[in-house]
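Here is the structure we will look at.
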Amino acid sequence: MKPTLPQGTRDFNAVTIRRRNYIFDTIKNVFELYGFQPLETPAMENIDTLMGKYGEEGDKLLFKILNNGLDRPEKQEQAKQDFEKVLGGKNVEGITERALRYDLTIPFARYVAMNYGQLNFPFKRYQVQPVWRADRPQKGRYREFYQCDADVVGSNSLLNEVELLNIYKDVFKTLNIDVEIKINNRKILSALAELCGGNERITDITVPIDKLDKIGWDKVKAELEDRGLQGLQIKLIEDYISIEGDNTTKLDAIRSLIGEIEIGRQGIKELEYLLNYNSPSTIHHSPFTIDFTLARGLNYYTGTIIEVKALNVRMGSIGGGGRYDDLTGLFNVPDLPGVGISFGVDRMYDVMEELKLFPDSLKNNTEVLFFNLGEAESKAAYNLLQLLRSNNVKAEIYTEQSKFDKQFKYAERNNIPYVIIIGSKELETNTCVIKNIQSGKQETIAQEVLASFSFQ
RNA sequence: GAGGAUGUAGCUCAGUUGGUUAGAGCGUCAGUUUGUGGCACUGAAGGCCGGGGGUUCGAGACCCCUCAUUCUCCCCA
């Protein structure tokens, strides 16, 4: 058979893994630095845990796992009936009762709800694991990809937002990725919705304006009309999205637009708090940008919302997050507020590769290769090999007794800087030849002093 | 879910208005060189031209179907 990969999945070679680990390690270090503790959850969850949490679209994108044992004779009749229902578009427990995780937030909420009694609140966890979505793959979109999340539950304090914003700032600064960190507040959008006829309009308003930078005002306007918004309301939304300038200017403008509404005032106050806390003297030079068109699709967000966009490159968002007042309510633990952020590592990788941001020092591999030039020769080499390893020198031996040509090429292609040659001559005199592949220089030394040779 | 592009050697790709036995570069293997790689030269192996059907005297090329990859929209990280 011809081997292939499932659509949207990838193998990772050594170089790629080293680079990915560089990103993972950077993020994890910052998470730990801010006092977050690691958590891992299973690749699969009960399907009930995930269904209905990501909107209609999300349900379609869940990878569902077929139950085992459907072919057992005593189950076949039931299985056929259940499958009929599946064909009608329903999920039936008899056919599938598990699904692959779609994000890290809902499994975390499930975990918090299950362990509510044991956790020490405010509870801060980070999680670095793959998620799966049955989306159609394209640039920057995969069916299996990693998310790195940090969340805090059990605290209403905006200090948590301050922390998370600074985590974003620190990670992208360390990795040298130029980003725009955009923030907004759902309460401001709620106030706008209220002015447009009620809070239940929020989706009709946010979905179109979220697309503004992509499709332009005319199309946004058309979509608003389709969704039943009318003259004065559309004018208001136009005024809203037309707000421009630095953060201070934007705050002034939004105040005069929706400042009459209580929830809007709250949202503005929160936004102002975050910007002042992070950069008290120079609000306009803040690394964070107010973006009133930022809405975010997930409807469980209730306060601050954040999204990170890489500059100088065409790529969807590489991170996002926000505050949710009642995530665990879905699992019968009400009134537990939380706030979290997520890093999209695979997109960050693509951005860094495109902008050539990976340091060369990541090519960390074997330092020494012992040639294999015969039975007795390789045995002598093997003893020295183990000696070097015990001195923490990354070393290997060529396991085939091949021509020099081959062994040299192996060293070259694997970027191994040194080869050590022990042939019959060296065997007799208890010496070995150390050759630097790059410079071509070589020297013969006694085997007993090899351990103190400095490879660099 | 909607639309576009591309499938030819291990890899990257040529292949003219349809015309003999399908090519190049890189890589692989062998040799020049049995204890010294990179460079050079010589030679070799390697192809159901994604799959199926059709048009034609004749299809890698044209038409239809199908599969795969990729990009855009929707949505998202």
Side-chain angles (χ1 to χ4, degrees), chain A residues 2-10 23 27 54-62 89 101-105 128-149 168 179 206-208 210-211 214-215 219 223 294-299 306-310 314-322 340-351 369 371-374 377 398 401-428 431-444:
Chain A
K2 191 180 165 193
T4 56
L5 282 171
Q7 195 180 40
T9 66
R10 299 151 297 160
I23 300 175
I27 295 171
Y54 308 105
E56 223 175 290
E57 237 0 73
D59 284 354
K60 282 190 212 155
L61 299 180
L62 281 177
R101 90 162 88 70
Y102 177 91
D103 74 352
L104 302 179
T105 309
V128 176
Q129 287 191 280
V131 302
W132 293 269
R133 296 183 188 177
D135 226 339
R136 208 135 152 213
Q138 51 181 277
K139 185 182 165 76
R141 174 177 299 178
Y142 306 98
R143 287 184 150 187
E144 178 184 60
F145 62 97
Y146 267 76
Q147 290 193 330
C148 302
D149 280 29
Y168 265 146
V179 292
T206 56
V207 170
D210 200 36
K211 300 177 193 166
K214 272 189 188 166
I215 62 176
K219 285 184 180 166
E223 191 170 337
L294 176 62
R296 304 216 21 99
L298 294 169
N299 273 324
I306 313 168
E307 195 162 287
V308 185
K309 188 96 182 49
R314 249 186 78 250
M315 178 66 70
S317 65
I318 57 175
I341 56 168
S342 180
F343 288 87
V345 169
D346 300 79
R347 285 184 178 177
M348 287 164 67
Y349 182 98
D350 291 344
V351 167
L369 174 73
F371 272 22
N372 185 337
L373 298 174
E377 290 88 340
Y398 197 84
Q401 200 178 303
S402 305
K403 303 170 60 169
F404 269 61
D405 185 70
K406 280 226 157 199
Q407 306 199 38
F408 268 117
K409 279 183 176 157
Y410 178 86
E412 242 171 34
R413 282 177 198 160
N414 287 309
N415 281 313
I416 301 173
Y418 287 96
V419 298
I420 294 182
I421 302 167
I422 297 174
S424 50
K425 254 190 290 180
E426 289 77 13
L427 197 58
E428 271 175 39
T431 57
C432 57
V433 174
I434 301 178
K435 178 158 182 162
N436 182 313
I437 287 283
Q438 258 199 334
S439 67
K441 283 181 189 154
Q442 65 180 53
E443 58 183 302
T444 305

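- For the P atoms, the distance linking B:rU20 with B:rU32 amounts to 39 Å, nearest Å.
- Separating the CZ atom of A:Arg143 from the C1' atom of B:rA68 is a distance of 13 Å, rounded to the nearest angstrom.
- No contact: A:Leu373 has no heavy atom under 4.0 Å from any strand.
- Of the candidate nucleotides B:rG1, B:rC29, B:rG37, B:rG37 has the atom lying nearest to any side-chain atom of A:Phe408.
- Remark: the separation of the P atoms in B:rG27 and B:rC41 is 12 Å, to the nearest Å.
- Taking the 5.5 Å centre cut-off and the 30° plane limit, the aromatic side chain of A:Phe145 is classed as stacked on B:rA77.
- OP1 or OP2 of B:rU72 lies within a sub-4.0 Å distance of a side-chain N or O belonging to A:Arg314.
- Here A:Gln138 does not reach the OP1 or OP2 of B:rC71: none of its side-chain N or O atoms lies under 4.0 Å away.
- Every residue two or more places apart in sequence or in another chain that forms a salt bridge (charged side-chain N to carboxylate O under 4.0 Å, His left out) with A:Arg141 is listed here: A:Asp135.
- On the C1' atoms, B:rG53 is 38 Å away from B:rA44, given to the nearest whole Å.
- Shortest non-hydrogen contact noted between A:Gln401 and A:Leu373 is CG-C, 4.2 Å.
- A:Ser342 comes within contact range of no nucleotide atom at all, as no heavy-atom separation falls under 4.0 Å.
- Nucleotide B:rU72 holds its P atom 9 Å from the CZ atom of A:Arg141, rounded to whole Å.
- As a whole-Å value, the separation of A:Glu426 CD from B:rU36 P is 12 Å.
- On the P atoms, B:rU70 is 23 Å away from B:rC65, given to the nearest whole Å.
- Here A:Gln442 does not reach the OP1 or OP2 of B:rU36: none of its side-chain N or O atoms lies under 4.0 Å away.
- Put simply, the side chain of A:Glu144 does not reach to within 4.5 Å of the side chain of A:Pro6, judged on heavy atoms.
- Ranked by how close their nearest RNA chain B nucleotide is to the 5' end, A:Ile421 and A:Val308 are led by A:Ile421.
- Contact annotation for A:Leu61: no contact, since no heavy-atom pair falls under 4.0 Å across all strands.
- Looking only at side-chain heavy atoms (C-beta outward), A:Gln442 and A:Asn436 stay at 4.5 Å or farther from each other.
- In summary, the aromatic rings of A:Tyr168 and A:Phe343 are positioned with their centroids under 6.0 Å apart.
- The CG-C1' distance, from A:Asp135 to B:rC75, rounds to 7 Å in whole Å.
- Of the P atoms belonging to B:rA68 and B:rG50, the separation is 16 Å, rounded to the nearest Å.
- Annotation: side chain to side chain donor-acceptor pair (under 3.5 Å) contacts involving residues 341-350 of chain A, sequence neighbours excluded, comprise A:Arg10-A:Asp346, A:Arg20-A:Asp346, A:Tyr142-A:Asp350, A:Asp149-A:Ser342.
- Here A:Glu223 lies out of heavy-atom contact (under 4.0 Å) with every strand.
- Spacing between B:rU69 and B:rU8 at atom P, rounded to whole Å, works out to 14 Å.
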Using Watson-Crick or G-U wobble pairs with both distances under 3.5 Å, give me RNA chain B in dot-bracket, 5' to 3', with [ ] for crossers and | for pairs to another strand.
(((((((..((((.....[...)))).(((((.......))))).....(((((..]....))))))))))))....
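- You'll find a donor-acceptor pair under 3.5 Å spanning the side chain of A:Arg347 and the base of B:rC76, going by distance alone.
- Computed from coordinates, the A:Asp405 CG to B:rC39 P distance equals 11 Å when rounded to whole Å.
- Residue A:Tyr418 contributes atom OH, which lies 20 Å from atom P of B:rG37 at whole-angstrom precision.
- Remark: the A:Asp59 side chain and the A:Tyr54 side chain contain no N/O donor-acceptor pair separated by less than 3.5 Å.
- Nearest heavy atoms, A:Pro137 versus A:Gly8: CG-CA, 3.8 Å.
- At a threshold of 4.5 Å between non-hydrogen side-chain atoms, the residues A:Lys435 and A:Lys441 do not count as touching.
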Which atom pairs, one a donor and one an acceptor, fall under 3.5 Å between side chains of residues 418-426 of chain A and the rest of the protein, sequence neighbours left out?
residue: A:Tyr418; atom: OH; partner: A:Gln456; partner atom: O; Å: 3.2
residue: A:Glu426; atom: OE1; partner: A:Gly423; partner atom: N; Å: 2.9

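- Non-hydrogen atoms lying under 4.0 Å from RNA chain B are contributed by A:Lys409, A:Glu412, A:Arg413, all within residues 409-416 of chain A.
- Within 4.0 Å (heavy atoms only), A:Lys60 reaches no atom of the nucleic acid at all.
- For B:rG46 and B:rU55, the C1' atoms lie 33 Å apart once the distance is rounded to whole Å.
- Between the side chain of A:Arg136 and the base of B:rG4 there is no donor-acceptor pair of N/O atoms closer than 3.5 Å.
- Rounded to whole angstrom, the span from the CG atom of A:Leu427 across to the C1' atom of B:rG35 amounts to 14 Å.
- If you check every strand for non-hydrogen atoms under 4.0 Å, A:Gly58 touches nothing.
- The side chain of A:Val207 has B:rC75 as its nearest neighbour among B:rC75, B:rU72, B:rA77.
- As a whole-Å value, the separation of A:Lys441 NZ from B:rG38 C1' is 17 Å.
- Counting non-hydrogen atoms under 4.0 angstrom, A:Tyr142 reaches a base of the nucleic acid.
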Report all side-chain donor-acceptor pairs from residues 404-412 of chain A shorter than 3.5 Å, counting only partners two or more places apart or in another chain.
residue: A:Gln407; atom: OE1; partner: A:Asn372; partner atom: N; Å: 2.8
residue: A:Gln407; atom: NE2; partner: A:Asn372; partner atom: O; Å: 2.8
residue: A:Gln407; atom: NE2; partner: A:Ser402; partner atom: O; Å: 2.8
residue: A:Tyr410; atom: OH; partner: A:Glu396; partner atom: OE1; Å: 2.9

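- Between A:Gly8 and A:Lys435, the residue anchored nearer the 5' end of RNA chain B, judged by the nucleotide with its closest heavy atom, is A:Lys435.
- Scanning all heavy atoms of the two residues, the minimum distance from A:Leu369 to A:Tyr398 falls at CD1-N, 3.7 Å.
- In this model, the phosphate group of B:rG31 is approached by a side-chain N or O of A:Lys403 to a distance below 4.0 Å at OP1 or OP2.
- Taking the C1' atom of each, B:rG4 and B:rC74 are spaced 16 Å apart, rounded to whole Å.
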